[in-house]
Amino acid sequence: MSEKSFGTKLAPNIQFCFLGNEYKQLHPKDNSKCRGEMLAPLFQMSKAVVENESLTDSLSILLKIMREDMGVLKGMINLYNSKTGKIFIHDSIGLSEEEENRGIYSIGEGITGKVVETGEPIVVPKISEEPVFLNRTKSLTERGEDISFVCIPILHGKKVLGAISIERKCANPKSLKHDVEMLGVIAAMIAQAVELYLLENEERHFFKLENERLKLALKEKFHPANIIGNSKPMCEVYCLIDKIAKTKTTVLILGESGVGKELVANAIHYNSMEANGPFVIFNCAALPESIIESELFGHEKGAFTGADKIRKGRFEEADGGTIFIDEIGELSLPMQAKLLRVLQERTFERIGGNKPIKVDIRVIAATNKDLMRMVEEGAFREDLYYRLNVFPIMIPPLRERGSDVIILAEHFVSKFVKRFNKEIKRISTTVQEMLLAYSWPGNVRELENVIERAIILSEDNVVHGYNLPLSLQTPIFSSTSFKSDLTTKLESVEYEMIVEALTNHKGNMSLASQELGLTRRMLGLRMAKFGLNYKKFR
């Protein structure tokens, strides 16, 4: 096996041995002694490979040899997935999980990619002088140090399965010849176990990555631009929107007041083939019963006192597009009967007219009421219910949407910061806890109002707990409503500062007390007053 060296060529006739913390040049007759020191760990690895061919067992011994016998700073075992075309870090020493996840290469990319591409080892005596070294893991922060890098391929026959690489401090680049030899022996030992592992797991790993890619693509595809939130219940709503938008089927949107039913109707229309047509909104609860019929169906000139000209109704205005009928549970039984005909035949007459008007529209209805119960009570027509309930979409209440609360809050902060020309940089940890703990009976609409109020009240660049209404604040503060406003606010500030300090220092009370200018005992007493436990912040 030949070696490629970036920057410095190795002297082929010089042997070195790693003794203690440095490499020593060996006299030819001492060579057997150096190799002898490595026989025990190599025998352990050989035994593990022969006995069970387990890659996990083999690599645990390999990493132990790297750490204890070779004295490397960092070591990586990279495997090549031929289905994805990517080289990834399977195991390592000296790297965090986050650094491992960043260490993904394509064939020919960086030192590791070139080794897998060519099947030849590469030695870099000094990383700081080698532009080809990518530092993809971002684990090497001090490029000025004399760090050497050795990367050798894992070969089974002529097939490249991956690579083994190490980083070490090394004063004499020629001593890296010994590393190449040692890693070459190790790579040959584990090659069969690596191939078996890849045969068993390559396809599974490929499907896992493909599944994650498709999920992300579907999430982007189904996520309407006008709706905020990534929770599982909302992703299900997005999928339903995507399916129904391709048809003209009648939709019934259900959900509590303030959940954003109009936004869903809007998303359905603007993702449909009728997106260029009109989107007409009609709220049944906003108008008195006496004029609802005229608003929906229009009237002829002279149909009643004051009807001095022909007027088109909402159905006629929505021709070629979508009509959104909100709060449909508020319609009277006579109006329900007239609406039923429009749903069945897409035909109606204006008030005072006898000429049928045919329209090409999609009807989307919404309500926060239990229509089935209204049918049982005789307050809603059963035939109309089944006409509307062709494709129901249930919008989850905000309390069931988890972290969407924080995402929405940040969205509203951005919105009102622009409106009020204020500089708010973040929502405090205490406020986030309060927002997540609250039940939100008014849903998204209530959250929007709460954030608007908080932005108005904020006096610095942070939204604090005391900027929120008392109903949202922790039970400690809501129970102090009998106290003066000043006392309540002071306790809110104290609580928030303690929570922020504990959060910043991951529950370390000593560091938190230093930040707050308190003794550890004083901090403990104040935490006890508010029922706080440092373990919660670890």
Side-chain angles (χ1 to χ4, degrees), residues 97-98 101 211-242 253-264 267 393-418 424-455 458 461-469 471-475 477-478 495-496 499-507 532-533 535-538:
E97 184 178 349
E98 184 180 355
N101 292 335
N211 188 40
E212 290 174 357
R213 185 189 69 78
L214 289 173
K215 278 183 179 178
L216 182 62
L218 288 172
K219 185 176 175 182
E220 291 298 320
K221 179 181 178 182
F222 292 155
H223 195 307
N226 64 324
I227 304 177
I228 307 295
N230 296 317
S231 62
K232 184 179 177 181
M234 287 307 296
C235 285
E236 292 171 358
V237 170
Y238 302 151
C239 288
L240 292 175
I241 290 173
D242 180 75
I253 304 174
L254 305 167
E256 297 176 7
S257 179
V259 294
K261 295 187 286 294
E262 185 178 324
L263 289 177
V264 172
I393 298 178
M394 174 64 74
I395 313 302
L398 187 55
R399 61 182 171 275
E400 295 178 5
R401 292 175 57 181
S403 60
D404 278 359
V405 175
I406 305 303
I407 297 172
L408 283 161
E410 290 173 344
H411 167 73
F412 291 134
V413 167
S414 300
K415 173 182 174 180
F416 292 117
V417 159
K418 292 176 183 176
I424 306 293
K425 294 183 179 178
R426 65 185 180 92
I427 300 172
S428 73
T429 305
T430 308
V431 170
Q432 293 184 33
E433 290 179 351
M434 292 177 179
L435 296 178
L436 289 170
Y438 187 59
S439 61
W440 297 108
N443 291 292
V444 180
R445 189 179 297 126
E446 182 183 9
L447 174 62
E448 183 175 10
N449 294 338
V450 164
I451 297 299
E452 181 176 7
R453 175 184 186 272
I455 297 300
S458 177
N461 59 2
V462 180
V463 176
H464 296 285
Y466 50 79
N467 297 139
L468 303 182
S471 58
L472 267 79
Q473 294 184 24
T474 63
F477 302 133
S478 53
Y495 175 85
E496 187 165 330
V499 168
E500 287 285 309
L502 289 169
T503 301
N504 292 340
H505 299 291
K506 297 181 180 179
L532 294 172
N533 189 322
K535 294 180 180 178
K536 176 185 174 184
F537 301 91
R538 284 184 170 177

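Just so it is clear, the values below take in all heavy atoms, side chains as well, and ignore hydrogens, waters and symmetry mates. Just so we're clear, the structure is a prediction, and the values are computed from it rather than from any experiment.
Remark: the backbone N or O of L435 is paired with a side-chain donor or acceptor of W440 at under 3.5 angstrom. No side-chain donor-acceptor contact under 3.5 Å links E452 to the backbone of F416. Formation of a donor-acceptor pair under 3.5 Å by the E448 side chain with backbone atoms of F412 is not found in this model. Of the possible donor and acceptor atoms, one in the side chain of N226 sits under 3.5 Å from a partner among the backbone N and O of L263. Remark: side-chain polar atoms of R399 are not paired, donor with acceptor, to backbone N or O of Y438 under 3.5 angstrom. Between the side chain of N443 and the backbone N or O of P397, no donor-acceptor pair lies under 3.5 Å. A donor-acceptor pair under 3.5 Å is formed between the side chain of D404 and the backbone N or O of N230.
Note that NE2 of H505 and CD of E500 are 10.5 Å apart. Values are rounded to the nearest 0.5 Å. Atom CD1 in I395 sits 11.5 Å away from atom CD in E256 (nearest 0.5 Å). Once rounded to the nearest 0.5 Å, the distance linking CG of L472 with CG of L447 reads 8.5 Å. In this structure, CD1 in I427 is found 13.0 Å from CD in E433, a value given to the nearest 0.5 Å. Note: I455 CD1 to I424 CD1 = 4.5 Å, rounded to the nearest 0.5 Å. One finds the NZ atom of K261 at 8.5 Å from the CD1 atom of I253 (value rounded to the nearest 0.5 Å).
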Margin query: Is there a side chain to side chain contact (heavy atoms under 4.5 Å, CB included) between R401 and V444? Walk through the geometry before answering.
Written below: CA-CA 11 Å; R401 292 175 57 181; V444 180; 3.9 Å; yes
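Between S428 and G465 the shortest heavy-atom distance is OG-N, 4.3 Å. Heavy atoms only, all atoms of each residue included: G229 and Y238 are closest at O-OH, 2.7 Å. Across every non-hydrogen atom of A454 and V463, the tightest pair is CB-CG1, 3.8 Å. Nearest heavy-atom pair across V259 and P396 is CG1-O, 3.9 Å. When all heavy atoms of P469 and R453 are compared, the closest pair comes out as N-NH1, 3.3 Å. Considering every non-hydrogen atom in both L436 and G402, the closest pair reads CD2-O, 3.7 Å.
Every residue meeting the ring pair (Phe, Tyr, Trp, His ring centres under 6.0 Å) condition with H464, not counting sequence neighbours, appears here in chain and number order: Y466.
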